[in-house]
Amino acid sequence: MSEAKGKTAAQVLADYDGPHLRIMEVCGTHTHEIFRLGIRKLLPPQVDLISGPGCPVCVTQVGFIDEALWLADQGVTITTFGDLVRVPGTTRSLASARAEGARVQVVYSPLDALDYAKAHPEEQVCFLSVGFETTVPASCLAVDQALAQGVDNFSLLVANKTMPNAYAALKDSADVFLYPGHVHAITGTGLCEDLVEQGVSGVLAGFTAKELLTALAVAVTKAQEGKPFFVNAYPRVVKPEGTPAAVELIERVMEPCDTEWRGLGVIPQSGLRLREAYAAHDARKKFDMPHIEGKANPACRCGEVLQGHCKPSDCPLFGKVCTPQSPVGACMVSGEGACSAYYQYGGDLL
Amino acid sequence: MTEVSGKVTLAMGAGGKQTAKLIDEVFAARFASPLLTADDAAVLEPPRGRMAMSTDGFIVSPSFFPGGNIGKLSICGTVNDLACMGARPLYLTCGFVIEEGYPLDKLAQIAQAMADTAASCGVTLVAGDTKVAGKGQVDGVFITTTGVGEIVEGAAPAGAKARPGDAIIVTGDVGRHGCTILLARDDFGIEADVTSDCAPLWDSVKAMLDVTDDIHVIRDATRGGVGTVLYEIASQSGVGVRLDAASVPVDPAVHGVCSMLGLEPLYLACEGRLVVIAPKEQAPALVEALRACPNSGGAAIIGEVTDDRPGWVVMRTEIGAETLLPQPGGELLPRIC
Amino acid sequence: MCVGLSAKVVRIADGMAMVDASGAKREISVQLLNDVEPGDYVMVHAGIAIAKITDEDEHETDELMEGLLA
């Protein structure tokens, strides 16, 4: 490989002439940045980038939005990341409920939602807790403080998910995973090392143009060596041990459960719920919520998109009835979804 | 000038003595000119050439923000709409809808900002109207201004006139007003030293027209920002737009706020920025003329008009690849998780 | 999935820190990190610091490429 010396990551990628390679970027922010920067344009045709299931908004089950709307209808103030506001439930979104008078407050952090609850003791305030290991600690901090400080009017509606069993469920869909840098900033690199033992290869990637190109260059180069590998290409943020205090906090506040991933079905033990000690702040228990099951559009091919079995533009709904303005499927509902990024950044146009 | 204090009452909108007092003390005292009389309409000399006319309503929350207030905004908005047609602004009228209980001293500050801004761009306030609405029926103050301008001979910019090969100029850094308002609402606990770009731009347009009247399009980028304006022009002219991401001027703090909230500065509102499209060979002289004006010192060429992909705005990214600028998507929502 | 922002710690008190990302300032929780000091860079997500940043990306990616192609 000495002839490669001095090449930039972009040149390594452009010059790749090895066999067909499927690289799955697991993380929605990676998907978004890869499209925004136009990185796909620099790749040779035999490198396929598959946009995996790492956009929490996309994989959140339809019924979760229906649950949030049910709470809003009871007069509960909904606090949420902006990402969820336009996501359609079975018949409505939070944006349409807000237009009809529901209180929907967009926040930057679950801690801000807690502050809102403290400032409005006359309201019941529920934070919609979505997101993976990166986002879970913020929710846990908020609910833990609510319990400790007796903020009785604050609760969480939890749909958090974790990655390990998703990797296992998807391991046949890709030759190399581009691991989500910020999930592993929390959990560390142990799981990635273990996956090598099971024959699963991956590169842990950061989020700048240079970091993404470098991670992809590492992926195509190491893949040619013919044996499973793991490289941490984001060591300035991800340490082998992760952030232990965050992991401990998650374990103290939440426990694993089976959960449905929109488009992929139920993945065992890949969800989180609040432990019994936090029952008073668990919106489902606190408000005695009935079981609510949402309905997704059966024509949507998101499940196949998330596994790389088809491109967004292969779906009959894509760009016609399913657009970012009126999304039908999981991958179109968030700016970080595979279909949405493909549509917005001109995946089939340029 | 009489100091005013107290609050706006419904009686002040009832047309009697109290209405007259409100108008005299708050508005007439500041807008005074021979053209503004107590009669039912202003009587004016007509413009010399062709005339441009525009109207715009202003609601902004909060109504005071770093870099201006709703009064300044209401003058700039209509002056800039006229300027975009190559028209020197001559006369403005203004209509107020004021919420019962609104502090009179705030109202006076708004009127003062209107008077100062109008004076700075040589436009005269010639008529006005005041209504008071019950508490909760409006949010503070709503203002509508209507303006008349005189089109400079030879100038005929229009949204449908962009041609492949033209250069695209923006008259300063983008997204400052939208960012300022977002911060002023304090929904996200973020602080940054950002002030609104709110400014009247007739001087800048005049400076360009002094260079050449061969300017194809002038648009002010207000709601929806520069990105929305570019999509509108691409559609109206049936052309493609290619932007160079690295050339788009963005204030570092605006960039920081946008990174925190996952927003695109090209879609944040401006209130003092024009998008100008002109033949490439004219562009350097236009930029030079713009930079000499106080409200367009940061003018820059940010891209070009193409015949590729009509109707679309393509970005050349920092790694040299091309992608679409995502189309405008309505309400800006922070992207976090 | 996780929009992160690299920001500089300006001051710290009681597990909360004021951070600065090119002029945009905000209060965040640094409870989950040990020994963070003013001047350090942290990765911020949803109002909390999720990791301390130990290097610049330019430097680190260059090293990775050198190692890869050696």
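Keep in mind the model is a prediction, meaning the values are calculated, not measured. Chain naming here is simple, since letters A, B, ... match the order of the sequence lines and numbering starts at 1 in each.
Top candidate by heavy-atom pairs under 4.5 Å with chain A, chosen from C/Ala46, C/Gly4, C/Gly67, is C/Ala46. Annotation: maximal heavy-atom pairing with chain C below 4.5 Å, among A/Ala245, A/Pro235, A/Gly181, A/Gly242, occurs at A/Pro235.
Note that OG1 of A/Thr214 and CD of C/Glu60 are 9.5 Å apart. Values are rounded to the nearest 0.5 Å. Separating the CG atom in C/Asp55 from the OH atom in A/Tyr234 is a distance of 12.0 Å, to the nearest 0.5 Å. A distance of 4.5 Å separates CG of C/Asp57 from CD of A/Glu211, quoted to the nearest 0.5 Å. The structure places CD1 of A/Ile186 at 5.5 Å from CD1 of C/Ile48, a figure rounded to the nearest 0.5 Å.
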- prompt: Run the side-chain contact (heavy atoms from CB on, under 4.5 Å) check on C/Leu68 and A/Val231 step by step: do they pass?
  reply: CA-CA 10 Å; C/Leu68 187 68; A/Val231 177; over 6 Å; no
- request: Evaluate the criterion side-chain contact (heavy atoms from CB on, under 4.5 Å) for residue pair C/Arg26 and A/Asp112; output intermediate values, then yes/no.
  value: CA-CA 12 Å; C/Arg26 140 120 219 173; A/Asp112 294 354; 2.7 Å; yes
field: side-chain contact (heavy atoms from CB on, under 4.5 Å) evaluation trace for A/His182 with C/Met43
entry: CA-CA 9 Å; A/His182 292 153; C/Met43 188 55 71; 3.5 Å; yes
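Within the 4.5 Å cutoff, side-chain heavy atoms of C/Met65 are placed close to those of A/Val12. Side-chain atoms of A/Glu336 and C/Val3, non-hydrogen and from C-beta on, do get closer than 4.5 Å to each other. Side chains of C/Lys52 and A/Thr243 form no contact here, defined as non-hydrogen atoms less than 4.5 Å apart.
No more than 12 heavy atoms of other residues, nucleotides or ligands sit less than 6.0 Å from atom OH of C/Tyr41.
By the 4.0 Å N-to-carboxylate-O rule, A/Arg236 lies too far from C/Glu56 to be salt-bridged with it.
Under the salt bridge (charged side-chain N to carboxylate O under 4.0 Å, His left out) criterion, the residue pairs touching residues 239-253 of chain A are A/Asp144-A/Arg252, with sequence neighbours excluded.
The two residues C/Ser29 and A/Leu111 come nearest to each other via the heavy atoms CB-CD1, 3.8 Å.
In this structure, chain C has a heavy atom under 4.5 Å from the side chain of A/Leu141, while its backbone stays farther away. Contacts between A/Glu133 and chain C at a heavy-atom distance below 4.5 Å are absent for every atom of the residue.
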